[in-house]
Participant: 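Starting off with a structure, shown below.
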Amino acid sequence: MTSASTSIDFTVGSRRLLSVGRELSTWAFALQDVLAADDAPLSAPQSGPDGVRVLSAPRSAVPAIRAQFPLHLIGGRQDYQRHYIDMRPAICPSYEDYLARFSGKTRSTLRRKQRKLASEAGESFAITEHRTAQEVAAFLKAALPLSAMTYQARLLDAGLPETPEAHAEMLAKAEAGEMRCYLLHAGSNAIAYLALPITGETLVYAHLGYDPDWSRWSPGTVLQMEALERLFAEQRFAYFDFTEGTGSHKAMFGTDSADCASFVLLEPTLANRALLSGRAGFDNLVAGTKSLAARTGALGKMRGLLRA
């Protein structure tokens, strides 16, 4: 496995304040690996020059993963619920059955979002699906300028990939029938995009973005719902994997979740020790500031009640 330059970020919320590059190999766990964590053997990659980036590992497997690299330093750990939709026919046979899992109020809210956006966009409202290599090439042509406007690209470097190598990989997957991409159009431009590579029977939530000028009409949510309706109709997929990281969007749309963790394992150099120590101190400072802000806010509310 080859290594690649990977940034270790210092972030506050969705804003990245500083990035430090390291040459790391990546050990990423597919959803099937997570769900079979107790049975699947570990197959560790070779360490990169600076170490290994571990993505979305089963939390129960973290000690065994660390044992594969006993001299490496662990840092930047994030624990979270990895959300996914169980689309297996025996569990959730149709889109209507999926919607039934939401409360009546939530279903009404989702339908209202769809109606409001369609009304605002007027006759130009349309959602296109892109599967073949030619269609995915057209998707990229329309979605890349849109991606550059999103906060994911501007603040987190997490927009659609822009390298020729990444585009070639997407087109190759499309040739193999392993891509589903969607665009939401209003007027002459796309205002939201969703890219879903396919691994086996699992759809991977790779990239979602939308024009910030349309954010009040929830284009990302509307596109997500339309895509899910079409994907359930295919009756091909077992899971929709929201991958690593937290988010209210993932929690709302997921039907199940698994305990996961992401972290880095770095070579024990002085520079890496300083980097991980600095990152840990920064994270503690951010957490303490948030906790203080929460307590201050609660105290302010209490004082307001007493004055009333």
Side-chain angles (χ1 to χ4, degrees), residues 1 3-16 19-20 22 24-37 40 42-45 48 51-66 68-69 72 74-87 147 150-153 155-161 166 169-170 194-209 220 224 237-266 276 279-280 283 286-287:
M1 180 177 291
S3 62
S5 180
T6 303
S7 64
I8 297 175
D9 298 332
F10 292 66
T11 62
V12 177
S14 62
R15 183 173 294 275
R16 181 180 54 199
S19 290
V20 180
R22 287 292 185 269
L24 307 176
S25 59
T26 298
W27 190 356
F29 286 76
L31 180 62
Q32 292 90 330
D33 299 329
V34 173
L35 298 181
L42 292 174
S43 181
V52 182
R53 176 179 63 161
V54 180
L55 294 179
S56 208
R59 206 176 300 172
S60 61
V62 171
I65 293 170
R66 292 194 65 181
Q68 300 285 317
F69 301 93
H72 284 56
I74 187 170
R77 176 167 172 170
Q78 295 178 312
D79 293 310
Y80 51 87
Q81 295 297 113
R82 180 171 179 170
H83 296 280
Y84 63 94
I85 301 172
D86 193 334
M87 302 176 72
S147 172
T150 65
Y151 83 88
Q152 291 95 335
L155 302 180
L156 299 176
D157 195 26
L160 279 169
E169 182 179 352
M170 290 179 69
L194 175 63
L196 306 170
I198 300 166
T199 301
E201 294 182 308
T202 300
L203 294 146
V204 180
Y205 181 81
H207 301 285
L208 172 72
Q224 176 83 67
F237 306 106
Y239 300 104
F240 187 109
D241 178 20
F242 285 104
T243 69
E244 66 272 1
T246 59
S248 57
H249 178 89
K250 299 178 179 184
M252 183 179 78
F253 284 108
T255 61
D256 300 88
S257 64
D259 296 328
C260 288
S262 293
F263 48 91
V264 292
L265 294 164
L266 300 185
L276 293 183
R279 167 68 188 271
D283 288 345
V286 171

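Index from 1, following the sequence. Scope of the values below: all heavy atoms of this structure, side chains included, with no hydrogens, waters or symmetry mates. Everything quoted here is computed from the prediction, not taken from an experiment.
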Participant: Partners of Thr199 by side-chain contact (heavy atoms from CB on, under 4.5 Å), sequence neighbours excluded?
Facilitator: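 With neighbours one apart ignored, the set is Val204.
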
Participant: Please name the pair of heavy atoms, one in Asp9 and one in Arg279, separated by the smallest distance, quoted to 0.1 Å.
Facilitator: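 The pair with the smallest heavy-atom distance is O-NH1, 3.1 Å.
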
Participant: Residues in side-chain contact (heavy atoms from CB on, under 4.5 Å) with Ala44, at least two apart?
Facilitator: Trp27, Gln68, Phe69

Participant: Would you check if there is a donor-acceptor pair between the side chains of Ser257 and Tyr80 at a distance under 3.5 Å?
Facilitator: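 No, because no side-chain N or O of Tyr80 sits under 3.5 Å from a partner of the opposite role on Ser257.
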
Participant: Could you tell me which non-hydrogen atom of Arg82 sits nearest to which non-hydrogen atom of Ser56, and how far apart they are?
Facilitator: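 Smallest heavy-atom distance, with atoms named: NH1-OG, 2.8 Å.
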
Participant: May I ask you to test the Leu266-Leu276 pair for a side-chain heavy-atom distance under 4.5 Å?
Facilitator: yes

Participant: Does Thr202 have any side chain to side chain donor-acceptor pair (under 3.5 Å) partners at least two apart in sequence or in another chain, and if so, which?
Facilitator: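 Gln32.
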
Participant: Sequence neighbours left out, what pairs pass salt bridge (charged side-chain N to carboxylate O under 4.0 Å, His left out) with at least one residue falling in residues 53-66?
Facilitator: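 Pairs touching residues 53-66 that pass the test: Arg59-Asp79, Arg59-Asp259.
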
Participant: Could you tell me which residues satisfy side-chain contact (heavy atoms from CB on, under 4.5 Å) with Ile198, sequence neighbours excluded, listed by chain and number?
Facilitator: Glu178, Arg180, Leu203, Arg236, Phe237

Participant: Between Pro197 and Ala195, what is the shortest heavy-atom contact and its length?
Facilitator: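 Closest approach of Pro197 to Ala195, heavy atoms only: CD-O, 3.7 Å.
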
Participant: Would you check if Tyr205 and Ile85 make a side-chain contact, meaning some heavy-atom pair closer than 4.5 Å?
Facilitator: no

Participant: Determine, stepwise, if the pair Gln78 / Phe263 fulfils side-chain contact (heavy atoms from CB on, under 4.5 Å).
Facilitator: CA-CA 6 Å; Gln78 295 178 312; Phe263 48 91; over 6 Å; no

Participant: Is the backbone of Phe242 close enough, under 3.5 Å, to the side chain of Lys250 for a donor and an acceptor to pair up by distance?
Facilitator: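 Answer holds: yes.
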
Participant: List the residues meeting side chain to side chain donor-acceptor pair (under 3.5 Å) with Thr243, not counting sequence neighbours, and say none if there are none.
Facilitator: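 Not a single residue meets the side chain to side chain donor-acceptor pair (under 3.5 Å) criterion with Thr243.
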
Participant: When you compare the side chains of Arg22 and Thr6, does any donor N or O come within less than 3.5 Å of an acceptor on the partner?
Facilitator: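 No pair is found: no donor N or O on one side chain lies under 3.5 Å from an acceptor on the other.
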
